[in-house]
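Report on one structure; see the data block that follows.
Lettering follows sequence order; numbering is per chain, from 1.
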Amino acid sequence: MLYYYNVRKVITNTELAELLRDIAAAYKIKGEKKNRFRIIAYERAADAVEHLSSEAKDLWDEGKLMDVSGIGPSITAHLDELFKTGKSKHFDEVLKGLPPAMFELMKVPGIGAKTAYKLSKELGIAKAKNALRELKKSLRSGRVARIEGFGEISEQRLEKSIGEVKKGEKRLLLPYATLVADEVMKWLKKLNTGLEVHPLGSLRRKASTVGDVDLAISTKKPVEVLHHFVDYPRKLRKIEEGPSSASIMLPGNVQVDAMVSPPRSYGALLQHFTGSKHHNIALREHALKMGFSLNEKGIKNLKTKKMKNFETEVEFYEALGMEWIPPEIREDTGEIQAALNNKLPDLVDIKDIKGDLQIHSSFDIETSHDLGQNSMDEIAKRADELGYEYIAFTEHNPSQSGHNERSMIELLKRKREAVDKLNYSLVKTMKSLKKIFNSLEIDIMPNGELPVPETGFDYLDFALCSIHSSFRQNKKDMTNRVLNAFKHPKTRIFAHPTTRILNKREGVEFDWGVLFDFFKKSKKIVEINADPIRLDLPDILVREAVKFGVKMSLGTDTHYVTSMGNMVFGVSVARRGWAKKRDIINTYSLEEIEKILIQ
DNA sequence: GCCGTTTTCGGCCCGACTGTTTTCAGTCG
């Protein structure tokens, strides 16, 4: 019997990845040298599972588990048994004799397999339950420091990092990290306006959430620049200041790291610290086949032992025989092969965007959800400033309680008239804005019905539909719920599809194959919601949608005229999902988009 | 244990940091 997962429960990708990582850890403890690559194989399999766009269990159901790169015949056989019977004899065997507590202890930053095993043995902590609390006790009593290989410093370090386990892994939302980085970069440029500075890591790759804010600086005067950096006036404290890097802590526990490089090797530094880790691993494997070794200083020829520097990333990638790869898609999901073959997608760009397809104004149609804070006039003017050709007002549908059919229709009629009026008057005076669509964001009820009377639809150009309740339905019911809602010809856009809230709520589950197939055939649109707390569809599913040929729309879902600029974060998600201009309908001309949306 | 634009066998990314080891192992990104 395995020690931590319940055989009756469907195992999620996160749990499965954890299991595979635990097997790798078990091999580390038990294995001889020859197991080294088997350990890596299990860790890679765990990574692969974590990055899947559908549940591993579903892939297994469809017999497609072996298609996943990193999962081969052996692991497939074990998972086969696991999914069928709820356990794997092989995994049981590997884990046998190891204290379950060690896997719990491994959740502490700085504790890997070896340390966890040693601690649990030496301290006599065997059970997973309360393992962290037991460790804490031993730390306090000074027992840990007396174990061979440990000292007072490791005791203090562990005490500190054990506290970080429970704090949760709240990561910065992309716009906030962007803002922090922009302000620090502005400060850096006060020293020297010509200074070249770039964000690094997940921030440069525009991931939805960011851990630390890392910056790269190209300079010949590293000491002076780093000294200016740690003088940043809004810092809480300086963490460290060395010859090539420095770190400061800002309010809200936001750590900012700066790394400097001489201009001649700046391209290599930028590439190295932009990652992702998986992209770099794959890139180094490719380089090795060419007889090169890569690091943050440049490219080393393994025969001549000579190191070549690169001022720019473009030259760096060129030297490896490929096009420059946009940071957003550096995730080792096929971009290297595409770059080698000159087949990188021409990703959609913020400049291509001609309109915003989800906006909430303050026009009161008595909804039970939030109203927007600004008038239709204010929003239209802002849209014109942004150079948009069209926008859609998508207030929530009138609440069901307190409205009968007639009063709902009356409200929808009034909104139609207000939008018409704007189109006939205000819009005529504008530079770029040509059309305001009259739309509505309609709740999809648990059974897939829509709480708007049939004649109410006549007043709409088109409708967005989205889920705002009953998030816990099972996958099949959820899928049918959406299919049912989109039977109506006026329902065109599926808004914030997974309903996820970053750092707070997981998205709901659908059978995406079925949904995308339906959306493709019926020419309906899936939204990429640009609200930074949602960024939904998530990038991985955007990639799937692109593969299916499903078109997507961008909407800021804004309730404030000041947040209309969030569009740029939606574009980042689209880019991370390999979306090209034609995949996103907001890049279409007014004439084209009318054909798609108005039925 | 996995994988393939030199391979179905023979390889498998790179380096920094940390602590305690007097020469390196473990962890991390």
Side-chain angles (χ1 to χ4, degrees), chain A residues 20-21 23-29 31 33-48 65-79 90-91 94 105-119 144-158 160-161 164 200-202 205 210-212 214 239-240 242-245 247 255 257 259 268-269 271-300 302 307 320-322 330 332 336-341:
Chain A
L20 291 168
R21 258 185 249 288
I23 301 294
Y27 272 125
K28 273 185 202 167
I29 304 301
K33 282 267 158 84
K34 64 176 180 183
N35 273 338
R36 225 174 89 224
F37 295 108
R38 191 188 283 160
I39 294 166
I40 295 173
Y42 270 94
E43 281 171 347
R44 285 197 158 191
D47 283 341
L65 203 53
M66 271 276 271
D67 297 347
V68 178
S69 177
I71 299 179
S74 170
I75 292 182
T76 300
H78 301 320
L79 295 186
H90 177 71
F91 290 170
V94 178
L105 298 181
M106 279 170 61
K107 289 176 182 164
V108 179
I111 299 185
K114 298 273 174 83
T115 311
Y117 180 72
K118 201 166 176 185
L119 283 173
V144 173
R146 291 197 291 274
I147 303 173
E148 201 191 331
F150 290 81
E152 273 180 31
I153 299 178
S154 21
E155 193 174 77
Q156 284 162 17
R157 181 176 55 89
L158 286 178
K160 212 172 134 198
S161 45
E164 287 165 23
L200 294 168
S202 49
R205 299 198 313 277
V210 173
D212 293 339
D214 299 330
I239 298 170
E240 59 183 358
S244 60
S245 68
S247 304
Q255 184 171 337
D257 302 335
M259 266 165 266
L269 179 88
Q271 196 290 318
H272 183 85
F273 288 109
T274 295
S276 66
K277 181 181 156 193
H278 294 295
H279 173 81
N280 283 358
I281 289 174
L283 204 64
R284 283 178 209 135
E285 280 171 353
H286 167 75
L288 213 58
K289 285 179 193 153
M290 295 173 74
F292 297 138
S293 173
L294 310 181
N295 65 27
E296 75 272 26
K297 294 192 181 66
I299 301 180
K300 188 158 124 190
L302 290 170
M307 176 70 99
L320 297 173
M322 63 185 84
R330 296 186 195 169
D332 187 26
I336 291 172
Q337 205 53 45
L340 284 168
N341 298 331

Using the closest heavy atom to pick a nucleotide of DNA chain B for each, name whichever of I281(A) or M66(A) lands nearer the 5' end. M66(A)
Note: for H78(A) and N280(A) on DNA chain B, the residue whose nearest nucleotide lies more 5' is H78(A)
[X] [atom1] to [N] [atom2]: how many Å, rounded?
{"X": "E285(A)", "N": "dT5(B)", "atom1": "CD", "atom2": "C1'", "result": "15 Å"}
{"X": "E43(A)", "N": "dC14(B)", "atom1": "CD", "atom2": "P", "result": "17 Å"}
{"X": "L283(A)", "N": "dC14(B)", "atom1": "CG", "atom2": "C1'", "result": "12 Å"}
{"X": "D47(A)", "N": "dG1(B)", "atom1": "CG", "atom2": "C1'", "result": "15 Å"}
{"X": "Y42(A)", "N": "dC3(B)", "atom1": "OH", "atom2": "P", "result": "13 Å"}
{"X": "L302(A)", "N": "dC14(B)", "atom1": "CG", "atom2": "C1'", "result": "12 Å"}
{"X": "R38(A)", "N": "dC2(B)", "atom1": "CZ", "atom2": "C1'", "result": "12 Å"}
{"X": "K289(A)", "N": "dT5(B)", "atom1": "NZ", "atom2": "P", "result": "6 Å"}

Write down the partner of dC2(B) under the Watson-Crick or G-U wobble criteria, each distance required to be under 3.5 Å. dG11(B)
Is_stacked (F37(A), dC12(B)) at 5.5 Å, 30 deg: yes
Look at all strands and tell whether [X] reaches a base, only sugar-phosphate, or nothing, counting heavy atoms closer than 4.0 Å.
{"X": "H90(A)", "answer": "sugar-phosphate"}
{"X": "I75(A)", "answer": "sugar-phosphate"}
{"X": "Q156(A)", "answer": "nothing"}
{"X": "G70(A)", "answer": "sugar-phosphate"}
{"X": "S276(A)", "answer": "nothing"}
{"X": "L288(A)", "answer": "sugar-phosphate"}

I'd like to know if the side chain of N280(A) reaches the main chain of H272(A), judged simply by a donor and an acceptor atom lying under 3.5 Å from each other, with no hydrogens or angles considered. yes
Show the numbers, then the answer: is there a side-chain contact (heavy atoms from CB on, under 4.5 Å) between I75(A) and Y42(A)? CA-CA 8 Å; I75(A) 292 182; Y42(A) 270 94; 3.9 Å; yes
Inter-nucleotide [atom1] distance ([N], [M]), Å rounded:
{"N": "dT8(B)", "M": "dC3(B)", "atom1": "C1'", "answer": "9 Å"}
{"N": "dT6(B)", "M": "dG11(B)", "atom1": "P", "answer": "16 Å"}
{"N": "dG15(B)", "M": "dT22(B)", "atom1": "C1'", "answer": "22 Å"}
{"N": "dA16(B)", "M": "dT23(B)", "atom1": "P", "answer": "22 Å"}
{"N": "dT7(B)", "M": "dC12(B)", "atom1": "C1'", "answer": "13 Å"}
{"N": "dA25(B)", "M": "dT21(B)", "atom1": "C1'", "answer": "8 Å"}

Taking only Lys NZ, Arg NE, NH1 and NH2, and the carboxylate oxygens of Asp or Glu, determine whether R21(A) and D47(A) approach each other closer than 4.0 Å. yes
Would you mind checking if E43(A) and R36(A) are paired as a salt bridge, meaning a charged N to carboxylate O distance below 4.0 Å? no
Can you spot which of M322(A), H278(A), R330(A) makes a side chain to side chain contact (heavy atoms under 4.5 Å, CB included) with L283(A)? M322(A)
So how far is it from H90(A) NE2 to I23(A) CD1, rounded to the nearest 0.5 Å? 7.0 Å
In 5'-to-3' order, the base (B), backbone-only (S) or no-contact (-) status of each nucleotide in nucleotides 15-29 of chain B, using a 4.0 angstrom heavy-atom cut-off, is S---SS-----SSS-
Within the 4.5 Å heavy-atom criterion, are F91(A) and L79(A) side-chain neighbours or not? yes
Do Y117(A) and L105(A) come within less than 4.5 Å of each other through their side chains, counting heavy atoms only? no
Write down the atom of S161(A), the atom of P109(A), and the distance for their closest heavy-atom approach. OG-O, 3.3 Å
